Amino acid sequence: MSVTRSTDPDRVGFDPARLARIDEHFGRYVDDGRLAGWQIVVTRRGEIAHSSTYGQRDREAGLPVEADTLWRIYSMTKPITSVAAMMLWEEGRFELTDPISRWLPEFADVQVYDRGSVLTPYMSPAVEPIRIWHLLTHTAGLTYGFAQVSVVDGLYRAAGFNLGVPVGADLATAVRGLARLPLLFQPGSSWNYGVSTDVLGRLVEVISGRPLDQFFAERILRPLGMTDTRWWVDEPDAKRLAALYAPNPATGQTVRADAIGRAALAEPSWLSGGGGLVSTAADYHRFTQLLLRGGELDGVRLLGPRTVRFMARNHLPGGHDLASFSPTGFAETVLNGVGFGLGFAVVQDPVPSRVPSSVGEYYWGGMASTAFWVDPVEEVTALLFTQLMPSSAYPLRSQLRQLVYSALVD
């Protein structure tokens, strides 16, 4: 499956010369050594107006980025897990207000961090149970150990939850371990990016009665024709997997991050609904088109259009944006004017972030600088794939928006 251009850009409102600036701009990132390679796809009204690759998927081996290159999408797994959960919601299997302890009893008596250090933390009981909508919106009080901005993050790392889970833990075991750790705040009282979608993936397993990989394959990936999306890459396809890189702080040049990157070449002990998938541009293009079309693609309907619209509204209490509803400061610089829906960020007002977009656009990205967005107003979707950690190394996502929206001229 490929993602070749399917229409002339000017037929769908793009100025071809302005759209060509995308390749010129991001080409410089490769030419000066900041990125090894990338792949970009831009669509409008369901037609691919721009599709390009540049550089190497594996610089040391001299292998170029190609149409079928495999990319670690990390947190771009989260919207897929969220769609899986909402498919079960549409079947009446749960309500968004249901406590997750109904299916995951280990969360029945969670504690909330109050004060103290990693060595001597003090906790108090949660006054509100973690509900399913808390998981979908990252308002449960769960966090990531690698965030390194709070005492609770330190407690996660001490328990073996850093970039992964304790060695050998499967998803059920990992979630039980997470339930023993304190929450960063009372559920529903704030927003913090963390392992909520991993817990949601476990919830999908328990409610559906099927392992997460089986549910994904049977209910989402195969019906949509996402035949290249998988949890790890086996030997026949290993050369298609892009190498993972990180910037050298001294030079800005990319260096391989094989210690982390090699994990995608082995079957994982646990299925991370928050960050475990490897995919291709063609596959994720199909997923974004499903969302843009209101839950249906090529005669396959996974969600109703009203459900998709409901997911793409800001669900943060009081209409807050992420900058005003985050206790850690993570959101203050990059997510002003942005709320959070059921699985992805939602633009409320593009002005505070100083990045062009439409009100109602929704999006997310991955740890290795991948990104997508869906703009229902302009009927635009965009995909960026590269493999550079951390995703904050360069403003790739905001720059792609800048270039795409300035190329729209109708």
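From a predicted model like this one, the values you see are computed outputs, not experimental measurements. If you read the sequence from its start, that first residue is 1, and numbering goes on from there.
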Cation-pi check, R401 onto Y363 ring (under 6.0 Å, within 45° of axis): yes

Considering residues, nucleotides and ligands other than R45, do more than 12 of their heavy atoms fall under 6.0 Å from its CZ? yes

Test your reading of the model: is there a side-chain donor-acceptor pair from T251 to the backbone of Q253, 3.5 Å cut-off? yes

Residues passing the side-chain contact (heavy atoms from CB on, under 4.5 Å) test with S406, sequence neighbours excluded, are R18

Ion pair D170/R176, N-O distance below 4.0 Å: no

Quick one: list whatever passes salt bridge (Lys or Arg N to Asp or Glu O under 4.0 Å) with D23, sequence neighbours left out. none

Is there a side-chain contact between L303 and M87 (heavy atoms, below 4.5 Å)? yes

Verify the neighbour count for atom CZ of F146: are there more than 12 heavy atoms of other residues, nucleotides or ligands below 6.0 Å? yes

Can you check whether V204's main-chain N or O pairs, donor with acceptor, with R210's side chain at less than 3.5 Å? no

Taking only residues two or more places apart in sequence or in another chain, which ones pass ring-ring contact (aromatic ring centres under 6.0 Å, His included) with F185? none

All salt bridge (Lys or Arg N to Asp or Glu O under 4.0 Å) counterparts of D213, not counting sequence neighbours: none

Kindly write out the residues that satisfy side-chain contact (heavy atoms from CB on, under 4.5 Å) with T7, not counting sequence neighbours, or none if the list is empty. R11, V12, E47

With a 4.5 Å heavy-atom cut-off, do F94 and L96 have their side chains touching? yes

Carefully, step by step, assess D298 and R286 under the rule salt bridge (Lys or Arg N to Asp or Glu O under 4.0 Å). CA-CA 10 Å; D298 295 338; R286 292 190 64 78; 2.8 Å; yes

Near-ring test Y144/Y156, centroid separation under 6.0 angstrom: no

Listed by chain and number, what are the side-chain contact (heavy atoms from CB on, under 4.5 Å) partners of R230, not counting sequence neighbours? L70, D228, V233, D237, R240, V278

To the nearest 0.5 Å, how far apart are OH in Y193 and OG in S326? 13.0 Å

Are F340 and W191 close enough that their ring centres sit under 6.0 Å apart? yes

Mind checking what makes salt bridge (Lys or Arg N to Asp or Glu O under 4.0 Å) contact with R293, not counting sequence neighbours? E296

Pairing of R202 and E205 as salt bridge, 4.0 angstrom limit: yes

For the atom pair CG (L135) and CG (L142), what is the distance rounded to the nearest 0.5 Å? 7.0 Å

Pairing residues for Q402 by the side-chain contact (heavy atoms from CB on, under 4.5 Å) criterion, not counting sequence neighbours: none

Take atom CD of E60 as the centre, draw a 6.0 Å sphere, and report whether it contains more than 12 heavy atoms from other residues, nucleotides or ligands. yes

Got a sec, which residues hit ring-ring contact (aromatic ring centres under 6.0 Å, His included) with Y284, two or more places apart in sequence or on another chain? F287, F372

Non-neighbouring partners of R262 that pass salt bridge (Lys or Arg N to Asp or Glu O under 4.0 Å), sequence neighbours left out: none

Results of ring-ring contact (aromatic ring centres under 6.0 Å, His included) for W133 - residues two or more places apart only: none

Atom CG in D283, atom OG1 in T229: separation rounded to 0.5 Å? 3.5 Å

Answer with yes or no whether the side chains of T43 and Q289 bring together a donor and an acceptor at under 3.5 Å. yes

Around atom CG of D258, are there more than 12 heavy atoms from other residues, nucleotides or ligands closer than 6.0 Å? yes

Residues two or more places apart in sequence or in another chain: which of them pass ring-ring contact (aromatic ring centres under 6.0 Å, His included) with Y405? W373

Measuring centre to centre across the rings, with the benzene-like ring taken for any Trp, is F26 within less than 6.0 Å of Y54? no

Do we see a donor-acceptor contact under 3.5 Å between the side chains of S124 and D114? no

Tell me whether the rings of F325 and H320 are parallel (<30°), tilted (30 to 60°) or perpendicular (>60°). parallel

Do the side chains of E90 and R301 get close enough for a salt bridge, i.e. N-O under 4.0 angstrom? no

